[in-house]
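First the structure, in the form of C-alpha cells, and then the observations on it.
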Amino acid sequence: MTPPAGRYDPQEAEPRWMARWLDSGVLTADPASGKPPYAIAIPPPNVTGVLHMGHALNNTIQDALIRWRRMAGDETLWICGTDHAGIATQVMVEKQLASEGTDRHALGREAFVERVWEWRENYGGQIIGQLQRLGCTLDYSRERFTMDERYAAAVQRVFVDLHDKGHIYRDRYMVNWDPGLRSAISDLEVEDREVTDELVSIAYPLIDGDGELVVSTVRPETMLGDTAAAVSPKDERYADLVGRRCRLPLVGRELPIVADDYVDPEFGTGALKVTPSHDPNDFEIARRHDLPAVDVIGEDGRMTADAGERYAGLTPAEASARVVADLDEQGLLRGREPYTHSVPFSHRSGARVEPLRSLQWFCDMDALAAPAITAVEDGSVRFVPANWGNVYLRWMNEIRPWCVSRQLWWGHRLPVWYRGDEIHVGLEAPEGEGWEQDPDVLDTWFSSALWPFATLGWPQETPELATFYPTNVLSTARDIIFLWVARMVMMGIEYMGEPPFSEVNIHSVVQAPDGRRMSKSLGTGIDPLELIEEHGADALRFGLLHMSSTQDVRFNAGSVQQGRALVTKLWNASRLVTERGGRVQAQAPTPELLADRWIVSRVASFVEEANALVADFKLSAFADGLYHLVFDDYCDWYLELLKGGQASVDVAAYVLEQLLALVHPVMPFMTEEVWAAIPGSAGMMLTHPPARAPGPRDQHAELAVARLQEGVRALRGFRTDRQLPPRTPLVVGGPGLAELPDEATAVDAFTPDGSTDGAGGAVVGLSYGQLHVRVEGADPGEDRAAERSRIGSEVERARAELARAEGKLANEKFVDRAPADVVESEREKVRRYTEELSALEQELSDMDGAS
RNA sequence: GGGCGGUUAGCUCAGUUGGUAGAGCACCUGCUUUACACGCAGGGGGCCGGCAGUUCGAGUCUGUCACCGCCCACCA
C-alpha cells in the first residue's frame, strides 16, 4: 500500500472494501467459535423494496452496533433476508400483468404464483445489494426469504400448533374488508381519514299506531340490511317505544325497537338503525339482542341480492343515491346535512374499508400476550427510549383477536383442508378423497413474527439457533411496534421460551426537509443512493447517525456534509502523520511529552464515553463526539503541537490508529483505506481490536493543555482586538505566564518575557492569572487609546461578574441553602475578579501616569 | 374522545442528576502558514412558545394555555 496521497475517492474505494469484507469470510457467523454471541435480526425489507432513507438510517445503526461488537471480540451475526410482502408483491406483479393486457384470474393461481417467483428471481431483492453499497456487514451467506421452503414449513407448523392449542379459530365475524384488494385486512392495516359525508335522517313508521322513529345515518344504503332500531334505555322520549316494532322503508321488514347502552341520546334524534352486517357497533348490538343479520354488501364491494332487486349489483355509492331518492319519493326523508367524520381506509390499497361479516381465521391473542406483557414489565425486554415500552404495554393490554387470513394468492397458504362441512387443520391433507385446501394465505406479519427464530432454522435444533437465539437488539422506527415487534415477542416466547431480543432501539423517523413525510408519492423522498453517489456511504452514514435521535428529525444535508468533512479530515491527518514518518509500532509507545500524554488521555476518556453512548444507542452523541475528538483535539491542537515539535510521531500514529478504530463502526470504508495506507499496519479495521489508550487519564496533562488553549486563545483574541495580523509576534509576561505551558510557543507566535516585572503593555485576564502582553518591537506607548478602551471593556466585564457573584452571596438564603461547593465557587469568583479588577485598574492608572 | 411527543441562535438539532445556554450549517472579519479552503483563526447572534407555581436558584420540576406532529379509539 502506498501512503495516502492526493484525494480520497469514496466511489472507487467503497465497493473495493465491501468486496474484501465479503471475501474475508468474517461476515459469516460461526456458531461454534466459542466467542460471546451478539446477534441482530434485520427487519426484513420487502422483496420488492428499494433502499429509502428509513432503511439507510436503521441499517446504519445496526451495522455500527454489529461492527462495534465484532471489534470488541464478539461472534456477531446480523441476520439477513427479505420479506415476501404478500400484498405489495402481488400488487406489483398484477400491475405487470395489467400492462400485458391480462390479469391473475386469466392466468390462474398456480401460474400466477409461479410468475411471482419469477419476478422475484429477476427483480426482487435488489435492496440486498443496496445494503452492501451502504457498507452493511450482514451475514449474506445466510440470506433468508420468508417464503423459503424451510421458513414456510415453520410458518405452517406454528399455525397448526396455535390451532391445536385453541388460539386459532374460524369465525364469521365483522372484519375490515378491503374492496380494492378483495381481502380482509387487520385492524392495524386500517387508517382513519377525515371525510365529509352526508348525514341522512330517515323515518321508520311504527307498526301499530301512528308515529315514526327517525334515525340518522351516513350510509343510507345499509338500511337495506337493518334488522332493528335502537334507542338508549335512559332516553325517556322513547321509553314507550322499546319493545314495539317499526317498518323498514323500501324493504318492508318489521324491525324490533331495542334499548341499548351504546346509543347516545344526545346524538341526532337519539335513535339508531341497526345493521349487524355492516357496522361493527351494530354487530355488537345484534349479539346482545340476538338479532339476525342480512348481508347487503358483498365481498365484491357491490350490493347483494339480499339488498333487493332494485339495488342488487350497484356500488354502495350508487345504491346510496337511489335509496335516498326512493325515500324522498315516499316522503320518508327527514333531513340531509353535511357531516364530517373519520372513516376507515385500507392502508394497503387506499380503498375505503367496508366493514362486513366474513368467514375468516382469527388468532386470539390474550394467552400469547400475557407473557409478552410480563417480559416488558419485568425488563427482560427493554425499550429504548423507555417510553415506547409504555406504548407497547397499552396496546398489548387491550389486544384484540387478529384476523390472519387474507384472500390473496401470494403468501403462505393456510394449512387447512375442507371436505363438505368437514374441516381439517394440519400440515397435510387427511387421508381420503375430496379434501381441498383453503385458498387463503396468511397475513404477511404472521410469518414475520417468527423471523428471529425461523431464520435460524427452527423448528430444527440448529447450532445457529442454539448460539444466537435470543438475539440482542432489535432496531426499528416506531411504526411497526405493534405490527411486528409485539408479535415477535409473543411468538418468540411461545416457541422459544424466551423473548427474541433483550433490547428494542426505537430511532427517529427521518422527515423531508420541509417537515412532511418522506414519500415517493408526495415527491418528498430523498434517495440515499444518490447521496452515496455524491458524498460516499461513509458521509451518509455519519450524517444519518448525527442528525437522528429519539425524536423525529427533518433531513439535514449539512450533517452529511459534516460527515464528508470528517472523512477528508482524517484522510489528510493521516497524510501528515505518515509524511512525518509515523508508522504502526509493534508495541504501544509510552507517552512522555505533555501533548502526547494529553491526547492519549483524551482518547482514554472518549473511549469510556463511547462505550456508554453505544450501549445506550446514543449514536448521535457518539458521532458528534468523534467529530470533535478528530477535529478539535487531534487536528487543531495535537497535530499543531506535533508540527511544532512538541509531540512524538510514534504517539501520533498510535493515536491515529485508535481514532480509526473508534470511527470505523460509523465510517467503515475510509477507515479501512487509511489504515491500509499507514506503514506497518496489518489486518483490516473490520476485525481490529477496539480503540484503547496506553494508560489511564492524565489529569495534570489535561489541565496543562486546557491552560495552554486558554492562553493561546487569549493571545489570538488580543491580536483581533488590536486588529493585528494573525501570528504577529508578541512578548508575554505577567503572573499567569508561569502556568502557561512552554509548549504554547509551538502553536502560537510569542516570546515569554524573562524579566520579572512582566512585559508591560496590555493585561489579559485568564482563569489562572493575568498575562501581560505587548507587540514585539513596538513602542508600548503606541495605541494607547485602543488599549485603554480594551482595558475599559475588560473592567466592565469583570465588574459585572463580580456584581453577580456578590449579589448571590448577599442573599442569605442562597448562602444558607445552596450546597457548600456552589457557594464556595461564588466566593472564589469574588476573589478572582477582585484581584483581576485591581490589576486592571492599576494598569489604567499606570497608563495615566505614563501619559 | 383518550394518550404520547415537540416548541432552545436565521436553519437543522443537542442539552446527563435544577447551579450564569451548546454544536453543525449560514452570517461577519482576517488568513493561498508545504496534512487539509470538504481548511485555519477570531467574532456577532438566544426574555430556551405564553402564563402561574415550587425553589436560594428553573431551558431543566409542577400546573395551565397556545400552536405543530404522531399513535390509539365502536358515536350513527
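So you know, we letter chains A, B, ... as the sequences are listed, proteins then strands, and number each from 1. Only heavy atoms go into these numbers, but all of them, side chains included; no hydrogens, no water, no symmetry mates.
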B/U8 and B/C13, which share atom name P, separated by this distance in whole Å: 10 Å
Nearest-angstrom distance from the residue atom CG of A/Leu545 to C1' of B/G24: 15 Å
Pairwise C1' distance, B/C28 and B/A9 [rounded to whole Å]: 15 Å
Short side-chain N/O contact from A/Arg564 to OP1 or OP2 of B/C38, under 4.0 Å: no
Sugar-phosphate, base or nothing in reach of A/Tyr339, heavy atoms under 4.0 Å: sugar-phosphate
Pairwise C1' distance, B/C11 and B/U29 [rounded to whole Å]: 22 Å
Protein-nucleotide distance (A/Leu57, atom CG; B/C13, atom P), rounded to Å: 14 Å
Euclidean distance, atom CZ of residue A/Arg394 to atom P of B/G5 [Å, nearest integer]: 9 Å
Sugar-phosphate only, base, or nothing, as touched by A/Pro819 at under 4.0 Å among non-hydrogen atoms: base
Short side-chain N/O contact from A/Lys569 to OP1 or OP2 of B/C40, under 4.0 Å: yes
Gap in Å between the two P atoms, one belonging to B/C61 and one to B/C4, rounded: 15 Å
Watson-Crick/G-U partner (both atom distances under 3.5 Å) of B/C27: B/G43
Touch class at under 4.0 angstrom, heavy-atom based, for A/Thr550 against every strand present: nothing
Sugar-phosphate only, base, or nothing, as touched by A/Asn811 at under 4.0 Å among non-hydrogen atoms: sugar-phosphate
Touch class at under 4.0 angstrom, heavy-atom based, for A/Val215 against every strand present: nothing
A/Asp636 CG to B/C31 P, straight-line distance once rounded to whole Å: 20 Å
Touch class at under 4.0 angstrom, heavy-atom based, for A/Phe631 against every strand present: sugar-phosphate
Donor-acceptor pair (no angle test) under 3.5 Å: A/Glu801 side chain, B/U20 base: yes
Between P of B/C36 and CZ of A/Arg575, the distance in whole Å: 5 Å
Sugar-phosphate only, base, or nothing, as touched by A/Pro726 at under 4.0 Å among non-hydrogen atoms: sugar-phosphate
Contacts of type ring pair (Phe, Tyr, Trp, His ring centres under 6.0 Å), residue A/Phe718, not counting sequence neighbours: none
Spacing of the C1' atoms in B/G6 and B/G49 (rounded, Å): 11 Å
Ring-face cation of A/Arg357 near A/Trp177 (centre distance under 6.0 Å, axis angle within 45°): no
Rounded distance in Å - CG (A/Leu531) to P (B/C38): 19 Å
Sugar-phosphate only, base, or nothing, as touched by A/Glu812 at under 4.0 Å among non-hydrogen atoms: nothing
OP1 or OP2 of B/A35 under 4.0 Å from side-chain N/O of A/Lys643: yes
d(CD1, A/Ile480; P, B/C71) in whole Å: 14 Å
Touch class at under 4.0 angstrom, heavy-atom based, for A/Arg716 against every strand present: sugar-phosphate
Rounded distance in Å between the C1' positions of B/G59 and B/G43: 25 Å
Sugar-phosphate, base or nothing in reach of A/Lys829, heavy atoms under 4.0 Å: base
B/C51 to B/U32 separation - P atoms, rounded to the nearest Å: 50 Å
Span that lies between the C1' atom of B/U16 and that of B/U12, in whole angstrom: 22 Å
A/Glu191 CD - B/C70 P separation (whole Å): 11 Å
Any A/His341 side-chain nitrogen or oxygen under 4.0 Å from OP1 or OP2 of B/A76: yes
Sugar-phosphate only, base, or nothing, as touched by A/Arg478 at under 4.0 Å among non-hydrogen atoms: sugar-phosphate
Side-chain touch A/Ser574/A/Val577, heavy atoms, less than 4.5 angstrom: no
A/Ser574 side-chain N/O to B/A35 phosphate OP1/OP2 under 4.0 Å: no
OP1 or OP2 of B/C74 under 4.0 Å from side-chain N/O of A/Arg400: yes
